[in-house]
Amino acid sequence: MKARDLFNRIVSDIEAANILPGYKFRKRDSRFIFKTEWGQFFVELDHYSFYGESVCIRPVYEVRYDILHKWTEIFSKLSKIDHRDRSTFFSEINFAYKKSFEFIQDCTNYQEECTSLINTLKTVMEYTQQAYATMEKAFEKEILPILQGKAELPNIAAEWAFHYLAMCLLCAPERYKEFKAMVLKRLEELNNRNEPNVIKYYADLDKILAYLETPGTLKL
């Protein structure tokens, strides 16, 4: 079976299993998307054909809180579609699970591998929807450990900084000044090592943060 046809069959079987109720598949980026009143959950089926012999799928589980992204549109260096497709967090999963799936193109292992993929998607997305059900839960899971010295800030890219700062301002404004100092220190480190994504924003950093801290900015 051709790789494209095999991948389409996998997607169809995931849809038929109905393990992601409310999710809609979007072909252009191979995502199952569930829209909420505040954003979306999605799982992207990152995939590739391996020497014409197999199709490998690596699901990527993500969540997006729109309010943390919308205010940055006027400063974003991304294309409009890339900016609106970006997630806030990759789901941080605290249990073991299968991360990749290899489907032989002659379909000899299809049923076994598809069942494994479907079961994994169901388990991980149910967990993700519970763990990130509110922005407050996400703050406790993702940002609070950084403030407590139990986790590190990202060491690459730049957009995360604006999303994290906005989340702190909304969820724990009393700790914003402290968190801002940590984020600025990391951005300075990344700029000094010529991280290309940070360089794009660094000259405008004061203007961006002043806009973020203006009352009324963080609204949908």
Side-chain angles (χ1 to χ4, degrees), residues 1-36 39-66 69 76-132 138 141-142 154-160 163 190 194-198 200:
M1 183 179 290
K2 292 181 179 179
R4 180 183 60 188
D5 295 333
L6 178 54
F7 181 72
N8 289 340
R9 178 182 174 185
I10 294 165
V11 170
S12 294
D13 283 351
I14 293 171
E15 291 175 323
N18 198 32
I19 49 99
L20 298 174
Y23 283 73
K24 302 296 183 184
F25 186 71
R26 189 168 68 188
K27 288 185 178 181
R28 71 170 170 83
D29 51 9
S30 302
R31 286 180 175 181
F32 280 97
I33 300 171
F34 179 74
K35 293 186 177 181
T36 72
Q40 57 186 242
F41 292 102
F42 56 90
V43 53
E44 181 175 341
L45 300 183
D46 187 20
H47 63 285
Y48 59 93
S49 178
F50 189 71
Y51 294 115
E53 297 177 358
S54 63
V55 171
C56 298
I57 295 179
R58 185 176 177 87
V60 182
Y61 309 93
E62 303 178 60
V63 59
R64 174 188 168 98
Y65 302 94
D66 287 341
H69 295 252
S76 181
K77 308 302 182 182
L78 303 170
S79 68
K80 183 172 289 187
I81 193 167
D82 283 345
H83 182 272
R84 293 182 178 179
D85 282 348
R86 287 295 173 99
S87 63
T88 312
F89 298 110
F90 296 100
S91 180
E92 290 291 334
I93 300 159
N94 59 5
F95 56 85
Y97 66 101
K98 189 173 180 179
K99 296 177 175 61
S100 62
F101 305 81
E102 185 173 356
F103 292 80
I104 307 302
Q105 283 181 228
D106 65 8
C107 295
T108 51
N109 74 335
Y110 182 83
Q111 196 57 54
E112 176 185 356
E113 203 70 352
C114 194
T115 297
S116 179
L117 172 59
I118 287 171
N119 290 339
T120 301
L121 291 176
K122 183 177 188 297
T123 298
V124 178
M125 288 312 297
E126 285 179 350
Y127 166 82
T128 299
Q129 287 186 215
Q130 292 175 2
Y132 294 85
K141 185 173 180 60
E142 299 281 354
N155 199 32
I156 194 170
E159 287 83 8
W160 62 266
H163 307 151
L190 294 176
N194 296 316
E195 164 61 40
N197 294 297
V198 173
K200 293 176 184 178

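Residue R4 qualifies as open at atom CZ: its count of foreign heavy atoms under 6.0 Å is 12 or below. Counting heavy atoms of neighbouring residues, nucleotides and ligands inside a 6.0 Å radius, atom CD of E102 exceeds 12 of them. More than 12 heavy-atom neighbours from other residues, nucleotides or ligands sit within 6.0 angstrom of OH on Y97. Within 6.0 Å of NZ on K99 lie more than 12 heavy atoms contributed by other residues, nucleotides or ligands. The number of heavy atoms from other shown groups lying within 6.0 Å of NZ (K2) does not exceed 12. The number of heavy-atom neighbours closer than 6.0 Å to NZ of K122, taken from other residues, nucleotides and ligands shown, is 12 or below. Residue K98 qualifies as enclosed at atom NZ: its count of foreign heavy atoms under 6.0 Å is above 12.
Nearest approach of Y127 to E92, heavy atoms of both residues: OH-O, 3.2 Å. When all heavy atoms of S100 and E113 are compared, the pair lying nearest together is O-OE2, 4.4 Å. Summarising the geometry of G39 relative to D66, their closest heavy-atom pair is CA-OD2, 3.5 Å, with the distance given to 0.1 Å. Heavy atoms only, all atoms of each residue included: V198 and A157 are closest at CG2-O, 3.3 Å. Closest heavy-atom contact between A138 and Y65: CB-OH, 3.3 Å. F50 and C56 get closest at one heavy-atom pair: CB-SG, 4.2 Å.
Under the 3.5 Å distance criterion, the side-chain polar atoms of T123 are matched with a main-chain donor or acceptor of N119. Formation of a donor-acceptor pair under 3.5 Å by the Q105 side chain with backbone atoms of S54 is found in this model.
A distance of 11.0 Å separates CZ of R31 from CG of D46, quoted to the nearest 0.5 Å. Rounding to the nearest 0.5 Å places CZ of F41 at 12.0 Å from CD of E126. Separation of atoms OH (Y110) and CG (L6) is listed at 7.0 Å; rounding is to 0.5 Å. Rounding to the nearest 0.5 Å gives a distance of 12.0 Å between CD1 of I33 and CG of L20. Rounded to the nearest 0.5 Å, atoms OH (Y132) and OG (S91) are 4.5 Å apart. Distance check: Y61 OH to S87 OG gives 14.5 Å after rounding to the nearest 0.5 Å.
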L190 vs N155, side-chain contact (heavy atoms from CB on, under 4.5 Å): CA-CA, chis, key distance, verdict: CA-CA 7 Å; L190 294 176; N155 199 32; 3.6 Å; yes
Verdict with supporting geometry, F25 and I14, side-chain contact (heavy atoms from CB on, under 4.5 Å): CA-CA 10 Å; F25 186 71; I14 293 171; over 6 Å; no
Chi angles and distances behind the side-chain contact (heavy atoms from CB on, under 4.5 Å) call for H47, I57: CA-CA 4 Å; H47 63 285; I57 295 179; 3.9 Å; yes
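Residues satisfying the side chain to side chain contact (heavy atoms under 4.5 Å, CB included) criterion with R84, sequence neighbours excluded, are E73, K80. Under the rule for a ring pair (Phe, Tyr, Trp, His ring centres under 6.0 Å), F42 has no partner lying at least two apart in sequence or in another chain.
The shortest distance between side-chain heavy atoms of R28 and I81 falls below 4.5 Å. Inter-residue side-chain proximity for V124 and V43 is flagged as unmet; no heavy-atom pair is nearer than 4.5 Å. Proximity of P59 to L117: side-chain heavy atoms (C-beta onward) are separated by under 4.5 Å at one or more points. M125 is listed as a side-chain neighbour of Y23, based on a closest heavy-atom distance under 4.5 Å. The closest side-chain heavy-atom distance from L121 to F32 is not below 4.5 Å.
A perpendicular orientation is assigned to the rings of H83 and H69, their planes being inclined by more than 60° (bins at 30° and 60°).
Applying side-chain hydrogen bond (donor to acceptor under 3.5 Å, both in side chains) to D85 and the options R64, Q40, R26 leaves one that passes, R26.
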